[in-house]
Every structure is written in C-alpha cells, then in structure tokens.
Amino acid sequence: MAALRQRKGSRGKCPPQSTAGVPLPPQRLQANCCSLHHHHDDLLHGLSELIHDNLTESKRTINLLQRMNIYQEVLLSILYRLLPIQSYLEPMYFYIYSVFSLQAVYVMALYLTAWLLGGSWMAGVLAAIWYILNRVDTTRVEFTISLRENWSLPFLALQVAAITCYLRPQLGASQQKVMVWLMYVCSLCFCVTWQFNQFIFLVQAFVIYTLDCVDMLTAAQVNTLYLVQASALLSVWLLQFFNAMILGSLVLSFIVAALLVRHFHHSLKTGSFVARVSRLIIHSTAVLLLTFAINFLAKKALRLRSDEHIFKFIKSKFAWGPTRDFDANLYLCEEAFGALPLDTLERLSATLVLGPYALTLTLMGGALALAALRNLRTKGGGAERKAEGPVVASFRPDVAYNLLHTLFYGLLAFSTMRMKYIWTGHMCAVAAYGVCGGDVWAMLLHALRCNAKVLLKLVRYAAPVAVVAFLYYKFWPKMVEELSDLREFYDPDTVELMTWISTKTPESAVLAGSMQLLAGVKLCTGRVITNHPHYEDEELRDRTKQVYQVYARRSPRAVHAILQELGADYVVLENSICYERRHLRGCRLRDLLDLANGHIMDGEGDNDADLVAAAHPRFCDAVKTDSPEYAALFKRTFQNKTFHVYRVRKKAKKNS
C-alpha cells in the first residue's frame, strides 16, 4: 500500500525560525510543527497515489479507493505515522495487532447481544467462550489476516447488538436516538470495509420486511432500520467516489420498493385473517416486482456490469441451467462456495453449542410463529394498537429480530459455506440466550408442569455453570497445548520465486499469472501485475480470463499476443494448476478454460457433443519443451519444482 510506505525526504519546507515582529517559538514546538507539516504532505501524496494508481494493474490507472475497500488500511497508515511507535513496531505487526484487536471487539459485541437477550452477564460469558472454542468455524483470522470480512464482521456484530438494544420495549426516546446513531456508524464501518456489504444487507432487509409484515415492529422502527441501511450505503457510495455498484445494488432497490409500496398500501394491516394474508401476498409480490424493475432500470442507466458474475453464480448454483461461463464455474468449483459440510455441525455439537441453539431456535421459533399468527388475526395490527394490549408485547421484538436473523443467515450458510462465518458467531449468542435466558426454560418447565419461579431461577444459573465447567474440563488442556505450539511459514519454492523477482527483474517489470499468486507478488515485490483477486470489475475479469489462457490449449502466438496486449514482461506458470489433481474432472482450471473455449476436456469422461478437439497442445506444458515456435516468443528465466517463469519477448526471435 502506497499509504503505508515510508517516504524518504521532505515534500515541504518547515516554518521559518523567526518572522519580523514575532518572537521565536520554543524549539520543541518548531520540531512538532515541522513534523506535522511533513505528515500532512505525505498523507496528501499517499492519497493522490491511491486515487491515481498506475502501479497495480498494467496499462491502467485506477482509483483504489473507489475500486477496493481499503479505507481501513488508509486509516491505519495515518495512525501509524502519527503515533510514536515507529521505532519499535514495524508496520506489518501494527496491522496484525489491529486486526486481532478488532476480533476482541467482535467478541465484546456477541457478549452484549447475548446479555441483552438473556438478561444475564453469564449469557455474554458463555457466548464469548463458545466463539473462542469454535474459532475454526467462526473466523478465518488465524490463517488469513487481511480478509475484508475480518474487518467488517465485528462491525456487523456491533450493529446487531445496537439493533437488539434499539428494539427493547423499555428503551426511552433519547436512548433510541443514541442507538440509531450507533447503528448508522456500525453499518457505515461494515459497508466501507467489505465489498459484499450489499448482499449481507439484503438478507437483513428481508428480516426487517418479514417482521414488519407480521406486526412485530412498529412503523417507526421499520422506517428507521431501512433508512439506517440506506444511509450507510449512500455514505459509502460517496466515500468510494460514486461507486456505481452500490447504487445498482439489490438492497437499495428493495428498500425503495418496500417503502413505496408500504406508503401507498394503507390497508395492509386491516381486515380479517384471510383478507390480511391475501393482501400480504399481493403486497409482497408488488415489492418484489418493483424491486427488480428499479434494479433493472438503475443498472441500465448506470451501465453497471460489475456484479453480474455473482448473479451468474447464483443462477448456476441453484440449477437454473448448466453453464459454460468461466466466471460462474470458477466460483461453483471452489469448496468455499459449495454447501456447508456436515463436519461443521459435528464440531459445533462437540462444543455443546449446536444442541442449545437448535432447541432455542425450535421452541422460540414456534412461539414466534404463533405470535405472528395471532397478530395477523388481530384487527388493526397488534403493533399499532397498544390500547387493546397488543400481541407484540407477549413476544419481545429484539428476540424476534435475532431469531429471524440467525434463521436467514443460517440458510445462507447452508447454501454457501463461505457465509457460515456470519452465522456461527451469532449462533453462539443465540445459544447462550437459550441457556441463560428465562424464556426457553419457562417453556420447558411449563411443558413439564413445573412453574415454580424458584426452580426457574435455579435452572437458569445452574445450567450455564454446568456447561462452562464441562467446556473447561474438555477443552482447556487442548487450548494450552495449542498456545504453546509455535509454527513457522514454510514454502521455500514461493520464497525463492519472490526473492528472484525482487532481485532479478526491473522495478518496472509487469508480471502475469494466477490471481492468488500475483496478489502475493504485488505484496512481496511491489511489481506491477496484470490481474489480481478483486473480481468486482468487468474489465479485470476479462483480463483474468485472458491471462489464464496460458493454461488452455492455445497457440504460442495467440498467448504471446494476449500477454503483449496486457503489457506483460514475464509470465509465471504454476505446476499445481497446469497438472492439477485437487479438483475432479470438470472443475480443474484447465477444464473450465477448455469448456469456455469450446474444447474437449482432458482425461476419461463424457464431453458435450458440440465440443471439438483443440488444434494446439496445452500451452503451460508445451512451452517447457523449448521447441522453436515457443522459444522464439518466450525465454525461460527461472524455474524450481513449483514455478516456471518466462520472459515475454517483445519481438519474435528469428530462427537461424
């Protein structure tokens, strides 16, 4: 990051030592003033480099603040330059400590949510313990620190805690205003740190809409929650220099459609049960149709195609037709975008979180469904007619929100494994509410015809103590052993490659290769690259597909023309991709390229009838033969067991 680099020299002059008629200030004040002046110039220069960046993607000048969610790194770079820590703390460790500190905030947010729901500090303690014990399934910060979700999910957890507090019935007007601002700030921080914010907010908007339809929230609460979401998204739209992907998001279209239809459909919450259900169906249909209409028009007006690969993936994932689209298949073949594996549930069961969670969701979900039916049968709407003793008072709105929140995100996690990290953290808070709160135990004791308040109080406090004691006995020795196990990164082939690039290639060299590898090349060497994993850009997706032709069956001249057009000086080939065995046939990268190019795939198995045999061998394998047609265009400059680097000749070498 340009803003994190230490800059050499001064870009501005210090204030003069004295001026006419003004006494000379103290020496320390002069030094501080000079330092602030330098920091100001460095900050402006760093921001300018980020806004007009031509050192990341070859032959392109891009606005990194618009394209990528990196405001958190910009903020850290400013703090690092201002705080007196540069002499004893390197930027890398400052970054790592900041990310891990944010995970502590995540645990605090779960603690608050569980405490607010369960009414006991023991619920917060239990939620925190469960989160730590299930860290394999609740976070990826241990092995991938710089992921955007490691920055954003703590703020989402804080937002959920703020919503839980906001929906508490006994909250005063001034307290509600404070919670609204807290919700906005947390929503803003969540949105500005993760490019998938719109899809997470869309699910949350569905939760709010569902609660509105069954009269669990008042009209003021619904409007406030919608406007908080919309305000946060529009603020990020401004911060990201009018990023069209945000204006063209489904969640903004849904919020506008829901508010418009709600405004003009006044009779939604009146009439008999059958009439209300009928109106509800018509209302929901109108909202969905208007959402898609607004979204279609917005994307047409903005000429937006940045997120179309996500909708292609969703369409293919739910079997709406097979596809040969390279981008969609690239997602479908990754394990992280598949269904949730069953071993996740086994691990969650071993820590005793899944059982209480399932019981809480079943019992309280059933009670929520009954309360919703009673609200629909109540004329005029239970949430609006407080004088008649509304049914909503018998079921807390904050509990209703958290139940639907965990249900909707749970369905998302089961469909796409990568999204489980949004669900599992909140699962810990809901399970802790079930164990420490009085609602679930009251229902169980009522079913057993034991309604003694003393017994209820005893069970509420005895159950969490028993769970914590069991978890301590079973997992504490393992945690101590893990803490004493120090590991070191070991990948000599990659280290050798990065060292060679840093020392043997010009600083202005452009490298081509796979997305993941080039991200490491950019980080470790600072060289310009042709493509990288930030996939929310149509031109970058096209670049990636073109660069990946080095693993397809293409002629050397075709590959050479592609690399020259992208300005590549070197191309890095990976044996792990060229001879991939990790995926099954049809999901290997070379298979995806063959399908997209209309070629028959390697190996035994069926092929579609319209696929044809390629006229050329696979480039990544054939180039290693150094035959004249390849040697005339590519020169091998580096190789080890994993990587082969070829220099792209500017002109074809003539054969003698």
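Atoms considered below: every heavy atom in the structure, side chains included; atoms not considered: hydrogens, waters and symmetry mates. It should be emphasised that the depicted structure is a prediction, and the values quoted were computed from it without experimental measurement.
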Any sub-3.5 Å donor-acceptor pair from [X]'s side-chain atoms to [Y]'s backbone N or O?
X: S627; Y: V623; answer: no
X: Q229; Y: F201; answer: yes
X: N329; Y: D325; answer: yes
X: Y548; Y: M515; answer: yes
X: E536; Y: R67; answer: no
X: N243; Y: M245; answer: yes
X: S77; Y: V74; answer: yes
X: T503; Y: T499; answer: yes
X: Y71; Y: L239; answer: yes
X: D591; Y: G586; answer: yes

Aromatic plane relationship, [Y] with [X] - under 30° parallel, 30 to 60° tilted, over 60° perpendicular:
X: W237; Y: F242; result: perpendicular
X: Y630; Y: F619; result: tilted
X: Y80; Y: F94; result: tilted

Looking at side-chain heavy atoms only, is the closest gap between [X] and [Y] below 4.5 Å?
X: K522; Y: L518; answer: no
X: E57; Y: E539; answer: no
X: I600; Y: D594; answer: no
X: L83; Y: L89; answer: no
X: V203; Y: V251; answer: no
X: Y95; Y: V99; answer: yes
X: L156; Y: L153; answer: yes
X: F638; Y: I501; answer: no

Subject >> All ring pair (Phe, Tyr, Trp, His ring centres under 6.0 Å) counterparts of Y409, not counting sequence neighbours >> reply: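 Expected list: H405.
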Original post:
Applying the side-chain hydrogen bond (donor to acceptor under 3.5 Å, both in side chains) test to D602, which of R588, R618, R585 qualifies?
Top reply: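 Among R588, R618, R585, the one that satisfies the side-chain hydrogen bond (donor to acceptor under 3.5 Å, both in side chains) with D602 is R618.
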Can you confirm whether more than 12 heavy atoms, excluding those of [X], are under 6.0 Å from its [atom1] atom?
X: E507; atom1: CD; answer: no
X: F296; atom1: CZ; answer: no
X: F143; atom1: CZ; answer: yes
X: K504; atom1: NZ; answer: no
X: F100; atom1: CZ; answer: yes
X: D485; atom1: CG; answer: yes

Original post:
Residues two or more places apart in sequence or in another chain: which of them pass side-chain contact (heavy atoms from CB on, under 4.5 Å) with E334?
Top reply: F337, R582, H583
Any idea which heavy atoms bring [X] and [Y] closest together, and the distance?
X: S514; Y: I577; answer: CB-CD1, 3.8 Å
X: P341; Y: M417; answer: CD-SD, 3.4 Å
X: L304; Y: A244; answer: CD2-O, 3.5 Å
X: G513; Y: V547; answer: O-CG1, 3.4 Å
X: A509; Y: R527; answer: O-CB, 3.9 Å
X: A631; Y: R649; answer: O-NE, 3.0 Å

Original post:
Where do N150 and T139 land on the side-chain contact (heavy atoms from CB on, under 4.5 Å) test, with the steps shown first?
Top reply: CA-CA 8 Å; N150 293 334; T139 179; 4.0 Å; yes
How far does [atom1] of [X] sit from [atom2] of [Y], to the nearest 0.5 angstrom?
X: Q240; Y: I70; atom1: CD; atom2: CD1; result: 9.5 Å
X: L566; Y: T544; atom1: CG; atom2: OG1; result: 9.5 Å
X: N63; Y: M68; atom1: CG; atom2: CE; result: 10.5 Å
X: H644; Y: R636; atom1: NE2; atom2: CZ; result: 6.0 Å
X: L233; Y: L252; atom1: CG; atom2: CG; result: 5.0 Å
X: Y551; Y: L592; atom1: OH; atom2: CG; result: 13.5 Å

**OP:** Quick one: do D537 and R60 satisfy salt bridge (Lys or Arg N to Asp or Glu O under 4.0 Å)? Show the steps, please.
**Re:** CA-CA 13 Å; D537 180 73; R60 291 187 76 186; 3.3 Å; yes
**OP:** May I ask you to say whether R148 pairs ionically with E73, meaning some side-chain N is under 4.0 Å from a carboxylate O?
**Re:** yes
Subject >> E580 with R590: basic N within carboxylate O range, under 4.0 Å >> reply: no
Original post:
Side chains of D327 and Y535: donor-acceptor distance under 3.5 Å anywhere?
Top reply: yes
Original post:
Per the side-chain contact (heavy atoms from CB on, under 4.5 Å) rule, which among D542, N597, L589 passes with F326?
Top reply: L589
**OP:** For the pair D626 and K635, evaluate side-chain contact (heavy atoms from CB on, under 4.5 Å) and give the outcome as yes or no after the intermediate values.
**Re:** CA-CA 8 Å; D626 287 330; K635 179 183 178 181; over 6 Å; no
Subject >> Verdict with reasoning, Y646 to K624, per side-chain contact (heavy atoms from CB on, under 4.5 Å) >> reply: CA-CA 10 Å; Y646 290 85; K624 297 172 186 176; 3.4 Å; yes
Subject >> Residues V559, F634; criterion side-chain contact (heavy atoms from CB on, under 4.5 Å); working and verdict >> reply: CA-CA 10 Å; V559 173; F634 302 93; 4.1 Å; yes
Original post:
Which residue pairs pass the side chain to side chain donor-acceptor pair (under 3.5 Å) test when at least one of the two sits in residues 185-199, sequence neighbours left out?
Top reply: Q159-S187
